[in-house]
Amino acid sequence: MAFNNLLKALSMHPSGCLEPEETMIDKRRAPLGQLLCERDYLDESSLEVALTEQKIKHRRLGEILVDLGFITEAQLSEALALQVGIEKVDLTQVSIPGDIVALVPADLVNKYMLLPLCYEGGRLAVAMTDPFMTEAVEDLRLVTGMSIRRYYADPMDMENAILRFYGSNVARMLDNLVPGGPRADISLENADFSADKLQEMAREPSLVNLVNLIIIEAVDDRASDIHIEPFEHEVRIKYRIDGLLVEKSPSSKRLHAAIVSRIKIMGNMNIAERFVPQDGHIEFVGKKGKIDMRVSTVPTVFGEAVVLRILDKSAAMIDLDDIGMSEMCLSGWKKALRKTHGIVLVTGPTGCGKTTTLYASLKHIFSPSIKMITIEDPVEYQLDGINQMPVNPKRGLTFATGLRHILRHDPDVVMVGEIRDCETANIAIRAALTGHMVFSTLHTNDAAGAVTRLIDMGVEPFLLASSIEAILGQRLIRRVCPFCKVAYSPETALMKNFNGEIPAGTTFYHGRGCAHCNQTGMTGRRGIFELLRITSGVRELIAKRPTTDQIIKAAPADHVGMVHNGLERVLEGETTLEEIFRVAKTIDDDD
């Protein structure tokens with residue numbers, strides 16, 4: 001914390017790494033609370049609350065203000081810097097010569113979040129997000145051999161400036177490993193290395209650091225997946241952020257075999273086998289703790305492509321009430337969960353949050369008096385108090401065989417990770433008909449499509465009609481960035497699709513693009529949902545092998561489709577019409 005670093009700085013001997021005239025607090029300077037109020041980071045009433053608590057608990061004012069949520073760490077650092085006479089610099093306006101950038105290595109810059117600015121008065125001017133970090137100043141002195149003059153800089157501006165002057169960490173390391181560029185030494189691009197050679201390459205410290213850096217950078221960018229795709233002369237590295245792929249700096253093809261081998265070693269996979277798909281699991285310790293990743297490789301024309309799915313454990317901890325459903329949808333879903341038997345389904349494409357919804361549902365109904373067992377491929381998150389079984393096809397443990405054995409363990413609630421075939425579907429439905437509550441997922445475009453999909457698999461319509469209780473369709477939509485949110489006018493063609501459902505005078509919002517959202521105008525995602533409650537009328541229709549359109553027409557009068565749930569989010573200013581149609585509806589040319 002900035003206060004602790006400040007105390008360390010004040011306690012240093014004048015001959016230490018910090019200049020005494022910069023570190024000693026001038027008693028004539030304004031108090032911290034006054035400085036924060038002058039900069040509109042704090043109001044008088046909040047300051048009074050903090051001062052009152054300070055008298056009771058005898059803690060530092062800055063710590064109290066941060067703990068109460070009245071100010072941020074960055075605002076505290078800025079005020080403390082101002083209080084001791086450290087000036088603030090605007091990094092959006094600076095231009096740093098190449099010789100100055102070369103003075104401070106990139107690893108030091110990223111470790112301490114600092115940036116060299118210029119050489120002035122015999123001292124190196126350095127911008128820092130925490131100018132009271134004595135270790136950083138000492139390391140700078142040792143590396144550069146110069147005295148240091150500190151400036152304060154906004155953390156967000158610092159991140160952008162480091163990218164501007166130093167490039168991304170992965171890009172720099174790729175350049176260092178292959179200085180000749182992406183086409184350097186093409187003769188080695190398609191070399192067929194032995195298993196021993198691949199082991200040797202994958203254990204090179206520089207290669208280990210590169211793969212670690214790719215993972216860390218992806219996590220920092222809030223990516224859900226890392227894609228490593230080989231082509232004729234290069235390897236493209238992409239991160240899926242908020243549902244869309246973002247391409248990073250390409251790597252030389254020379255590094256492809258080593259990168260893939262390193263990932264395989266981390267995932268306990270066979271590095272000698274390069275011509276069949278493989279799956280693995282990686283546990284990686286990052287800056288924010290342990291990161292779980294699912295690894296998949298497939299052979300392509302130019303080598304093995306790799307996808308690493310980053311599993312966000314915080315998603316498994318979300319409560320059903322916080323998942324983003326409307327009140328009516330949430331009420332109907334909870335009512336279905338309270339049934340003593342039957343089957344409930346969550347549908348949607350890969351990566352739309354189906355597993356998160358099912359986990360939240362299991363947590364909602366969990367009780368020590370209820371026996372819960374899941375069978376998943378793989379077990380993404382471990383849930384306390386619930387027996388979870390991973391699928392293992394190599395040993396004959398499929399969804400169908402696992403589900404048969406689960407039913408012998410006297411469960412009250414069973415979760416099947418995904419219904420993929422007729423055998424699994426029939427066992428799940430028969431389990432629902434014999435007194436069990438069954439949860440599962442299905443890959444369909446909408447809730448009604450789950451019925452026709454199961455019938456197409458070979459499930460008897462009368463069995464399906466008797467067992468199914470509710471079907472929840474869902475998607476994830478990107479949210480408008482709050483930092484660059486502005487009003488705009490959508491295209492007329494989009495507006496026409498809602499047939500007058502949009503109130504006159506509605507103000508629409510989108511993001512212009514800024515540093516916070518990486519110039520996309522969008523940051524973060526939330527769910528939109530469609531709940532199909534199975535009423536007596538719908539049950540009668542299911543037994544007659546209906547079409548999807550017939551099921552939608554027979555749905556309860558209060559049924560809200562996914563697109564219309566998305567429209568509610570648009571009217572609240574949370575997302576855009578374009579985003580709703582991107583994820584939930586295709587507009588034909590004739591519309």
Side-chain angles (χ1 to χ4, degrees), residues 325-326 328-329 331-333 335-336 342-350 352-354 357 418-422 425-426 428-429 432 440-477 493-502 527-571 577-591:
M325 295 185 197
S326 66
M328 185 171 65
C329 180
S331 174
W333 183 245
K335 185 177 180 180
I343 184 168
V344 293
L345 297 172
V346 181
T347 70
T350 301
C352 72
K354 299 187 296 295
T357 299
E418 182 185 344
I419 294 178
R420 296 177 179 173
D421 51 51
C422 179
N426 277 319
I429 285 172
S440 192
T441 70
L442 203 61
H443 285 186
T444 62
N445 289 330
D446 53 25
V451 174
T452 56
R453 175 83 178 103
L454 288 169
I455 293 174
D456 287 343
M457 279 185 181
V459 175
E460 289 292 344
F462 72 91
L463 291 177
L464 182 60
S466 302
S467 60
I468 195 132
E469 294 296 337
I471 307 172
L472 183 72
Q474 73 177 66
R475 295 288 192 281
L476 290 177
I477 55 169
L494 286 172
M495 303 280 284
K496 287 181 179 177
N497 278 271
F498 287 97
N499 298 320
E501 295 177 66
I502 299 174
I528 55 172
F529 302 88
E530 171 191 15
L531 177 63
L532 177 62
R533 293 185 292 108
I534 308 301
T535 59
S536 57
V538 175
R539 288 189 198 281
E540 292 176 8
L541 186 62
I542 291 174
K544 300 175 183 177
R545 296 179 178 269
T547 64
T548 300
D549 288 340
Q550 288 174 327
I551 295 171
I552 293 173
K553 289 176 182 176
D558 58 359
H559 176 77
V560 177
M562 201 178 304
V563 173
H564 294 87
N565 181 227
L567 178 59
E568 293 172 4
R569 306 282 82 81
V570 173
L571 298 180
L577 284 176
E578 290 85 353
E579 180 68 7
I580 297 303
F581 280 101
R582 182 183 72 82
V583 301
K585 182 175 181 177
T586 300
I587 305 175
D588 296 327
D589 293 335
D590 296 335
D591 286 350

Which residues share a side-chain contact (heavy atoms from CB on, under 4.5 Å) with [X], sequence neighbours left out:
| X | result |
| --- | --- |
| Ser536 | none |
| Thr547 | Asp549, Gln550 |
| Ala470 | Trp333, Ala336, Val344, Leu531 |
| Leu577 | Pro490, Leu494, Met495, Phe498, Ile502, Phe508, Leu567, Val570 |

Partners passing side-chain hydrogen bond (donor to acceptor under 3.5 Å, both in side chains) against [X] (at least two apart in sequence or in another chain):
| X | answer |
| --- | --- |
| Thr357 | Gln474 |
| Asp456 | none |
| Arg420 | Asp377, Glu418 |
| Glu460 | none |

Using the salt bridge (charged side-chain N to carboxylate O under 4.0 Å, His left out) criterion, which residues pair with [X]? Sequence neighbours excluded.
| X | value |
| --- | --- |
| Glu469 | Lys339, Arg539 |
| Asp558 | Arg533 |
| Glu530 | none |

In Å and rounded to the nearest 0.5 Å, what is the [atom1] to [atom2] distance from [X] to [Y]?
| X | Y | atom1 | atom2 | answer |
| --- | --- | --- | --- | --- |
| Arg475 | Arg582 | CZ | CZ | 11.0 Å |
| Cys352 | Ile477 | SG | CD1 | 13.0 Å |
| Leu541 | Lys553 | CG | NZ | 11.0 Å |

Checklist entry - Stepwise, does the side chain to side chain contact (heavy atoms under 4.5 Å, CB included) test hold for Leu472 with Thr347? => result CA-CA 6 Å; Leu472 183 72; Thr347 70; over 6 Å; no
Checklist entry - Are more than 12 heavy atoms from other residues, nucleotides or ligands located less than 6.0 Å from atom CZ of Arg453? => result no
Checklist entry - Given Ile429 and Leu464, is the side chain to side chain contact (heavy atoms under 4.5 Å, CB included) satisfied, shown in steps? => result CA-CA 7 Å; Ile429 285 172; Leu464 182 60; 3.8 Å; yes
Checklist entry - With distance as the sole test, does Lys354 use its side chain to make a donor-acceptor pair with the main-chain N or O of Leu345 at under 3.5 Å? => result no
Item to check | Main-chain N/O of Cys422 paired with Asn426 side-chain donor or acceptor, under 3.5 Å | outcome: yes
Checklist outcome for this item: side-chain contact (heavy atoms from CB on, under 4.5 Å) with Met457: of Asp421, Thr452, Ile419, only one passes, and it is Ile419
Which donor-acceptor pairs under 3.5 Å do the side chains of residues 441-450 make with protein atoms, sequence neighbours left out?
| residue | atom | partner | partner atom | Å |
| --- | --- | --- | --- | --- |
| Thr441 | OG1 | Gly417 | O | 2.6 |
| Thr444 | OG1 | Asp446 | O | 2.9 |
| Asp446 | OD1 | Gly449 | N | 2.7 |

